[in-house]
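Let me begin by presenting the structure, written as structure tokens, before commenting on it.
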Amino acid sequence: MLADLAQQYGTDKFEHGYCPYYERLLSDYRDRPCTILEMGVGEGASLRMWREWLPQGRIVGFDCRDYWMSEEDFGFQVLMGRQENPEDLARLLSAYPQFDIIIDDAGHRTDEQRVAFVALWQALNAGGWYVVED
């Protein structure tokens, strides 16, 4: 279960009660290739959770802090940038132009979320999920 992985890796998605919803909504992606973007990665706990729960997935993190986490070392890539900065978002999209799942767990302010949504909506594959947390 996703909740078990959330607890194992220490992501706050467990305590916020998101896991049952994610498990239900994203279960179709479990056994197929997909690309997931999570903005706001903290210490990378949820990226580790997604890496295990979506074994065929390409996991991409985006955060205003530079973590130096490489896909080769961790199974995911973290790019540095701010969700309210259109230039940073354009750089993200030049590296990863399409996503199946986008999770905004970054700034938690409506103005920041709006900038990211406007820039990233075009990159969401048909039938994909765009989730705004908190």
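Counting from 1, the numbers follow the sequence of the chain as shown. Side chains included, hydrogens not; waters and symmetry mates left out as well; all remaining heavy atoms used.
Put simply, the side chain of L26 reaches to within 4.5 Å of the side chain of W50, judged on heavy atoms. Between I36 and V60 the shortest side-chain heavy-atom distance does not fall below 4.5 Å.
In terms of heavy-atom proximity, A6 sits nearest to C19 at CB-SG, 3.5 Å. Nearest heavy-atom pair, L79 versus A95, reported as atom, atom and distance to 0.1 Å: CD1-CB, 4.2 Å. Summarising the geometry of E52 relative to Q8, their closest heavy-atom pair is OE1-NE2, 4.1 Å, with the distance given to 0.1 Å. Between A45 and G10 the shortest heavy-atom distance is CB-C, 3.9 Å.
Cluster membership check: M80 does not share its hydrophobic cluster with M39, using side-chain heavy-atom separations under 4.5 Å among Ile, Leu, Val, Met, Phe, Trp and Tyr. In the hydrophobic clustering of this structure, L93 groups with Y96; members are Ile, Leu, Val, Met, Phe, Trp, Tyr whose side-chain heavy atoms approach within less than 4.5 Å, directly or through other members.
Evaluation of the side-chain contact (heavy atoms from CB on, under 4.5 Å) rule for A119 yields L89 as partners, not counting sequence neighbours. Contacts of F14 classified as ring pair (Phe, Tyr, Trp, His ring centres under 6.0 Å), with partners at least two apart in sequence or in another chain: none. With sequence neighbours excluded, the residues satisfying ring pair (Phe, Tyr, Trp, His ring centres under 6.0 Å) with Y130 are F117. For R32, the side-chain contact (heavy atoms from CB on, under 4.5 Å) partners are D28, Y29, not counting sequence neighbours. Residues satisfying the salt bridge (Lys or Arg N to Asp or Glu O under 4.0 Å) test with D88, not counting sequence neighbours, are R91. Listed by chain and residue number, W129 satisfy the side-chain contact (heavy atoms from CB on, under 4.5 Å) test with L25 (two or more places apart in sequence, or in another chain). Scored by the side-chain hydrogen bond (donor to acceptor under 3.5 Å, both in side chains) test, S46 finds E38 as partners (sequence neighbours excluded). Checked against side-chain hydrogen bond (donor to acceptor under 3.5 Å, both in side chains), E15 has no partners two or more places apart in sequence or in another chain. By the ring pair (Phe, Tyr, Trp, His ring centres under 6.0 Å) test, W53 is found to be paired with no residue, residues two or more places apart in sequence or in another chain being considered. For E112, the side-chain contact (heavy atoms from CB on, under 4.5 Å) test picks out Q83, E84, R109, with sequence neighbours left out. In this structure Y18 satisfies the ring pair (Phe, Tyr, Trp, His ring centres under 6.0 Å) test together with H16, sequence neighbours excluded.
Put simply, the side chain of R51 gets close to the backbone of G57: a donor and an acceptor are under 3.5 Å apart.
Taken from CG in D104 to CG in L120, the straight-line distance is 8.5 Å, to the nearest 0.5 Å. To the nearest 0.5 Å, atoms CG (D63) and CZ (R82) are separated by 9.0 Å. Atom OG1 in T11 sits 9.0 Å away from atom CG in L2 (nearest 0.5 Å). Rounding to the nearest 0.5 Å places CE of M49 at 8.5 Å from CG of L54. In this structure, L37 CG and D100 CG are separated by 11.5 Å, a value rounded to the nearest 0.5 Å.
Sorted by first then second residue, the salt bridge (Lys or Arg N to Asp or Glu O under 4.0 Å) pairs that include residues 114-131, not counting sequence neighbours, number zero.
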> What do the steps show when you test K13 against D105 for salt bridge (charged side-chain N to carboxylate O under 4.0 Å, His left out), and what is the final call?
Replying inline: CA-CA 10 Å; K13 290 178 183 355; D105 189 16; 3.5 Å; yes
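D31 CG: 12 or fewer foreign heavy atoms inside a 6.0 Å radius.
Between F99 and W121, the gap from one ring centroid to the other reaches at least 6.0 Å.
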